[in-house]
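Throughout, protein chains are lettered first and strands after them, A, B, ... in sequence-line order, and every chain is numbered starting at 1. Just so you know, these numbers use all the heavy atoms, side chains as well, and skip hydrogens, waters and symmetry mates.
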Number of protein chains: 2
Amino acid sequence: MARHPSIADDELLARLTGVFQDLGYAGASLVALSEATGLKRASLYHRFPEGKEQMAQEVLSAADAWVSEHILDPLKSNDPPEVRVRQMKKALNQLYSGGKQACLLNMLSSADVDEGPFSNHIRSAFKAWIDALIAVLVDAGFEKELARQRAERAVALLHGSLVLSRGMGTTRPFKNYLKDVERELLG
Amino acid sequence: MARHPSIADDELLARLTGVFQDLGYAGASLVALSEATGLKRASLYHRFPEGKEQMAQEVLSAADAWVSEHILDPLKSNDPPEVRVRQMKKALNQLYSGGKQACLLNMLSSADVDEGPFSNHIRSAFKAWIDALIAVLVDAGFEKELARQRAERAVALLHGSLVLSRGMGTTRPFKNYLKDVERELLG
DNA sequence: GTCTATAGTAAGATAGAC
DNA sequence: GTCTATCTTACTATAGAC
């Protein structure tokens with residue numbers, strides 16, 4: 001028996017994502033990953049032969065794909081800047097569960113001080129996000145260097161609001177961020 | 001022999017701090033802590049009988065003391081608001097080594113999802129910081145609710161700039177933050 | 001594809017010599 | 001106060017039955 005997956009790939013990755021978001025890479029033990037997914041450790045190794053590192057890599061890739069579809073692509077659309085930013089806003093609220101979930105990029109940075117297995121991935125994820133925002137701001141009429149500064153600031157503020165939300169045990173900082181992000185960028 | 005400490009308490013705590021900042025709580029193994037301090041594991045247990053958790057607690061307390069002396073007290077002084085903020089700026093640059101070091105509060109949050117051993121400490125550290133900034137802003141003439149929002153935003157932006165600096169492998173976000181923090185708060 | 005059982009390794013922690 | 005040596009537990013990973 002059990003010749004078929006007891007959990008779909010999407011759901012599996014979502015559960016793993018949650019564990020890495022909550023505990024970071026070092027803190028995400030196979031026991032925790034196993035309990036979160038309902039799969040025994042050996043079953044996890046069947047799906048991810050290279051173990052925990054592969055799980056984190058695939059979790060990162062899945063997050064990348066989600067962000068591309070729900071955030072970056074909309075930001076690159078031909079809609080007016082305010083519309084594009086508002087779409088990002090909705091997606092961010094989903095991505096971080098209204099401020100209850102930490103950012104994967106922050107939680108997986110812990111693993112690599114100098115050059116870890118996720119450094120390149122994380123760096124390019126941040127860069128892609130900032131670049132997409134720069135394009136929106138340039139479209140909105142901002143001079144390029146100012147656009148870069150504002151975009152970088154908006155991404156920093158987002159991640160800081162998540163750090164603060166987690167640290168203070170309230171989603172208020174994140175919610176305030178969402179409320180102000182449009183003005184923060186375009187105002 | 002070896003009847004006297006081979007490393008002073010201050011230096012010891014500083015080294016431990018660095019490890020927790022780089023690796024987080026779960027990632028900071030006793031081997032890493034031992035190598036960073038030059039003390040064997042058994043010697044670390046002699047100084048911290050309750051082990052790793054005690055080390056992290058004392059590291060947090062030492063950071064608290066440093067922040068109180070170099071940031072919070074100056075913020076509570078009678079100097080003009082701009083002077084107080086400029087003092088904070090200098091201290092922040094030291095505390096985070098110009099953006100090369102992550103924030104301890106962020107790195108130790110990973111350990112506790114719901115209520116971990118550091119939650120209260122972290123929460124009150126954030127709160128103390130924000131409250132001190134609120135007082136400065138109120139002194140500068142801002143209405144209280146606006147002061148709270150600006151203070152919280154400045155703290156979030158700081159932590160986000162550190163997340164971004166680490167993730168992108170450049171201290172630029174942090175340096176930009178420092179450059180703008182006075183205007184961000186009082187402008 | 002999932003499981004139980006188990007190997008192998010690294011982690012946290014202690015005992016006792018100097 | 002620091003060390004070597006050791007213990008115990010937890011973690012990562014694999015083997016093989018179903």
Side-chain angles (χ1 to χ4, degrees), chain A residues 1-60 62 107-108 110-113 116-118, chain B residues 1-60 62 107-108 110-113 116-118:
Chain A
M1 41 187 88
R3 249 165 290 264
H4 293 290
S6 68
I7 179 174
D9 282 11
D10 285 0
E11 181 64 17
L12 176 56
L13 277 176
R15 303 287 185 88
L16 296 176
T17 302
V19 178
F20 285 116
Q21 282 178 315
D22 287 343
L23 305 176
Y25 185 77
S29 68
L30 288 184
V31 169
L33 295 163
S34 169
E35 285 174 352
T37 56
L39 284 179
K40 297 295 178 186
R41 273 166 290 169
S43 307
L44 286 173
Y45 275 96
H46 179 263
R47 298 220 192 171
F48 304 93
E50 286 155 79
K52 195 164 95 164
E53 185 172 327
Q54 187 184 358
M55 298 183 213
Q57 289 290 7
E58 296 200 17
V59 156
L60 262 181
M107 297 308 286
L108 291 181
S110 332
D112 39 289
V113 182
F118 314 120
Chain B
M1 41 187 86
R3 246 165 291 263
H4 293 290
S6 68
I7 178 174
D9 282 11
D10 284 1
E11 182 64 18
L12 175 56
L13 277 175
R15 303 286 185 88
L16 296 176
T17 302
V19 178
F20 285 116
Q21 282 178 315
D22 287 343
L23 305 176
Y25 185 76
S29 68
L30 287 184
V31 169
L33 296 163
S34 168
E35 286 174 351
T37 56
L39 285 179
K40 298 295 177 185
R41 273 167 291 170
S43 307
L44 285 173
Y45 275 96
H46 179 262
R47 298 218 191 172
F48 305 94
E50 285 155 81
K52 194 164 94 164
E53 186 172 326
Q54 186 183 359
M55 298 182 213
Q57 290 290 7
E58 295 200 18
V59 156
L60 262 181
M107 297 308 286
L108 291 181
S110 332
D112 39 289
V113 182
F118 315 120

Between [N] atom [atom2] and [X] atom [atom1], what is the distance in whole Å?
| X | N | atom1 | atom2 | result |
| --- | --- | --- | --- | --- |
| A:L16 | D:dT12 | CG | P | 13 Å |
| A:K40 | D:dC11 | NZ | P | 15 Å |
| B:M55 | C:dA11 | CE | C1' | 12 Å |
| B:L33 | D:dT2 | CG | P | 15 Å |

Toward the 5' end of DNA chain D, by each residue's nearest nucleotide, A:P49 or A:V31 =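 Here A:V31 is the residue nearer the 5' end.
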
task = Please tell me which of B:S6 and A:A42 maps to the more 5' nucleotide of DNA chain D, matching each residue to the nucleotide holding its nearest heavy atom.
result =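 Result: B:S6.
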
With a 4.0 Å limit, can you tell me whether [X] has a side-chain N or O closer than that to the phosphate oxygens OP1/OP2 of [N]?
| X | N | answer |
| --- | --- | --- |
| B:Y45 | C:dT14 | no |
| B:R47 | D:dT2 | yes |
| A:H4 | C:dG1 | no |
| A:S43 | C:dG1 | no |

So if I take every side-chain heavy atom of [X] and compare against [options], which nucleotide ends up nearest?
| X | options | value |
| --- | --- | --- |
| B:S29 | C:dG12, D:dT2, D:dT12 | C:dG12 |
| B:P5 | D:dC3, D:dT12, D:dG1 | D:dG1 |
| A:L39 | C:dT2, C:dA13, D:dT2 | C:dT2 |
| A:L30 | D:dT12, D:dC3, C:dC3 | D:dT12 |

request  = Between A:R41 and A:H46, just flag the one whose closest nucleotide in DNA chain C comes earlier from the 5' side.
outcome  =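 Here A:H46 is the residue nearer the 5' end.
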
query = What is the nucleic acid contact for B:A32, judged by heavy atoms within less than 4.0 Å: base, sugar-phosphate only, or nothing?
reply =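 The answer is nothing, as B:A32 stays clear of every strand by at least 4.0 Å.
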
